[in-house]
Each structure stands twice: as structure tokens, then as C-alpha cells.
K.L.:
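So that we are looking at the same thing, I have put the structure below in C-alpha cells.
Values in this document were obtained by computation on a predicted structure and should not be read as measured data. Starting from 1, each residue takes its place in the sequence as its number.
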Amino acid sequence: MWKWLLQQLDISAELPRFSILYMGLSGAVMGMAFVGLYFHYVQQDNHLLGIAIILTLLMSLHERYWIKAHKSANLTLLSAVIYSLLML
């Protein structure tokens with residue numbers, strides 16, 4: 001089972017499909033999620049985190065259907081789920 005999980009997390013073959021611009025956007029969305037989590041826990045404002053979750057879900061759809069990077073799309077979707085759970 002551990003070997004299967006490692007195979008699912010290995011996206012090295014899919015990385016050349018992503019442009020530098022897309023990778024920068026991905027980092028910006030992740031940064032927005034971290035700032036949103038900070039605001040959520042400190043000031044009880046979760047608007048920024050909600051936007052980051054929606055953008056992460058859209059990025060997952062983009063990766064799955066336009067870029068055809070299924071393993072990366074699964075990891076991006078997992079990120080959205082984790083952000084949502086941390087928002088509770």
C-alpha cells in the first residue's frame with residue numbers, strides 16, 4: 001500500500017506539462033490559502049480562504065481536463081480538501 005501511495009504522489013513525469021506562469025499562479029494561490037488560514041484563526045474572517053479553496057478547485061479541474069495531469073490534479077484536489085477541513 002505504501003508503494004502505491006508513493007506512486008500516486010510522484011508527479012515528476014507530469015511537471016514538464018506546466019508552464020512557469022502556472023507554477024507561479026499555483027504558488028500564489030497556496031500563499032493566499034496560508035494567509036487566509038491565518039486570518040481565519042486570528043480574526044475569524046474566512047473570505048480569503050474561501051477564495052483560495054475555489055481557485056484550488058478550479059486549478060484541479062484545469063489540470064485534469066486541459067493539461068491532462070491526473071496525478072497532479074488529485075494532489076491539487078487534496079489540497080482543497082485539506083484547506084476546507086482546516087477552515088472548520
K.L.:
CG of Leu9 to NZ of Lys71: how many Å apart, nearest 0.5 Å?
P.N.:
9.0 Å
K.L.:
Going by side chain to side chain contact (heavy atoms under 4.5 Å, CB included), name the residues that satisfy it together with Ser12, two or more places apart in sequence or in a different chain.
P.N.:
Asp10
K.L.:
His70: what forms a side chain to side chain contact (heavy atoms under 4.5 Å, CB included) with it, not counting sequence neighbours?
P.N.:
Arg64
K.L.:
Name all residues meeting the side chain to side chain contact (heavy atoms under 4.5 Å, CB included) criterion together with Trp2; count only those two or more places apart in sequence or in a different chain, and write none if there are none.
P.N.:
Leu5, Leu6
K.L.:
Give every residue pair that meets the ring-ring contact (aromatic ring centres under 6.0 Å, His included) criterion with at least one member in residues 26-54, sequence neighbours excluded.
P.N.:
none
K.L.:
Let me have the donor-acceptor pairs involving side chains of residues 75-83, under 3.5 Å, with sequence neighbours excluded, atom names and distances please.
P.N.:
residue: Thr76; atom: OG1; partner: Glu63; partner atom: OE1; Å: 2.8
residue: Thr76; atom: OG1; partner: Glu63; partner atom: OE2; Å: 3.2
residue: Thr76; atom: OG1; partner: Ser72; partner atom: O; Å: 2.9
residue: Ser79; atom: OG; partner: Leu75; partner atom: O; Å: 3.1

K.L.:
For residues 48-61, which side-chain N or O atoms pair as donor and acceptor with protein atoms under 3.5 Å away, sequence neighbours left out?
P.N.:
residue: Thr56; atom: OG1; partner: Ala52; partner atom: O; Å: 2.6
residue: Ser60; atom: OG; partner: Ala73; partner atom: O; Å: 3.0

K.L.:
Hydrophobic cluster membership, with links at side-chain heavy-atom distances under 4.5 Å among I/L/V/M/F/W/Y: are Trp66 and Leu21 in one?
P.N.:
no
K.L.:
May I ask whether Ile67 and Ile20 are part of the same hydrophobic cluster, defined by side-chain heavy atoms of I, L, V, M, F, W, Y residues being less than 4.5 angstrom apart, directly or through others?
P.N.:
no
